[in-house]
Amino acid sequence: DAKTTQPNSMESNEEEPVHLPCNHSTISGTDYIHWYRQLPSQGPEYVIHGLTSNVNNRMASLAIAEDRKSSTLILHRATLRDAAVYYCILTITQGGSEKLVFGKGTKLTVNP
Amino acid sequence: EAGVAQSPRYKIIEKRQSVAFWCNPISGHATLYWYQQILGQGPKLLIQFQNNGVVDDSQLPKDRFSAERLKGVDSTLKIQPAKLEDSAVYLCASSLTGQGWQSTDTQYFGPGTRLTVL
């Protein structure tokens, strides 16, 4: 019951920017957009989140469309260590609590 | 700051046997989560604790899975008896807030336990 749509896989070259798209056409006004990534054989790790405005942190940037129905995670200079599965997630409210619901994500391959 | 610790990292059992996984969250984190991740899929939430109380266990197969969080710190997840379809990575995560999941709360994940049921 994930509420986001992402491409199954993407490829990039090292030191080039990467734009990972996510569609979330059913987003509600209070839903935050979260991105997590999962490196091979590790648990997921937080990347970034946002509500309406674009966001930047040391790992990435998040560009949110004006209608909030899509967003893009931007890695400014991909490195081999950025090869991972990237999950775009909206929180859902169920049973009185909010939680993350992961989809299958986008597998990013970074070529040297 | 120490991260979320899990043990064991790997476990192989035969079907119908029982198994237990242990998780130690980040110190001071009130909320603890157990996820199941089947190969090729994203993690699926099994159970969420706030301190030592259950917030959400709607996805936990209660006929065979159980979990507890004594004293609001460490947690154990048990499967008894195991089935072939339980083969997966079991991830533990924790977050700081004492108010249950907040829209901006960050979850910190452990490395997971890879379970193989033969």
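Residue numbers start from 1 in every chain, and the chains themselves are labelled A, B, ... in the order their sequence lines are given, proteins ahead of strands. None of the values given here were measured: they were computed from a predicted structure.
In this structure B/Arg9 satisfies the salt bridge (charged side-chain N to carboxylate O under 4.0 Å, His left out) test with no other residue, sequence neighbours excluded. For A/Glu16, there are no salt bridge (charged side-chain N to carboxylate O under 4.0 Å, His left out) partners at least two apart in sequence or on another chain.
Screening A/Ile27, A/Val101, A/Asp31, A/Ile89 against A/Lys3 for a side-chain contact (heavy atoms from CB on, under 4.5 Å) leaves a single residue, A/Asp31.
Using cut-offs of 30° and 60° for the angle between ring planes, the B/Phe109 and B/Tyr35 rings count as tilted.
Heavy-atom neighbours of chain A within the stretch residues 110-118 of chain B, taken at a separation under 4.5 angstrom, comprise B/Gly110, B/Pro111.
No close placement of the A/His34 and A/Tyr87 rings is indicated, their centers lying 6.0 Å or farther apart.
Heavy-atom distances place no part of B/Gln6 under 4.5 Å from chain A, backbone and side chain included.
Contact count against chain B (heavy-atom pairs under 4.5 Å) is highest for A/Gln38 among A/Gln38, A/Glu45, A/Gln42. With chain A as partner, the option from B/Gly40, B/Pro43, B/Gly42 having the largest number of non-hydrogen pairs under 4.5 angstrom is B/Pro43.
For residues 22-42 of chain B, the set of pairs meeting the salt bridge (Lys or Arg N to Asp or Glu O under 4.0 Å) definition, not counting sequence neighbours, is empty.
Using a 4.0 Å cut-off between charged side-chain N and carboxylate O, B/Arg64 and B/Asp86 make a salt bridge.
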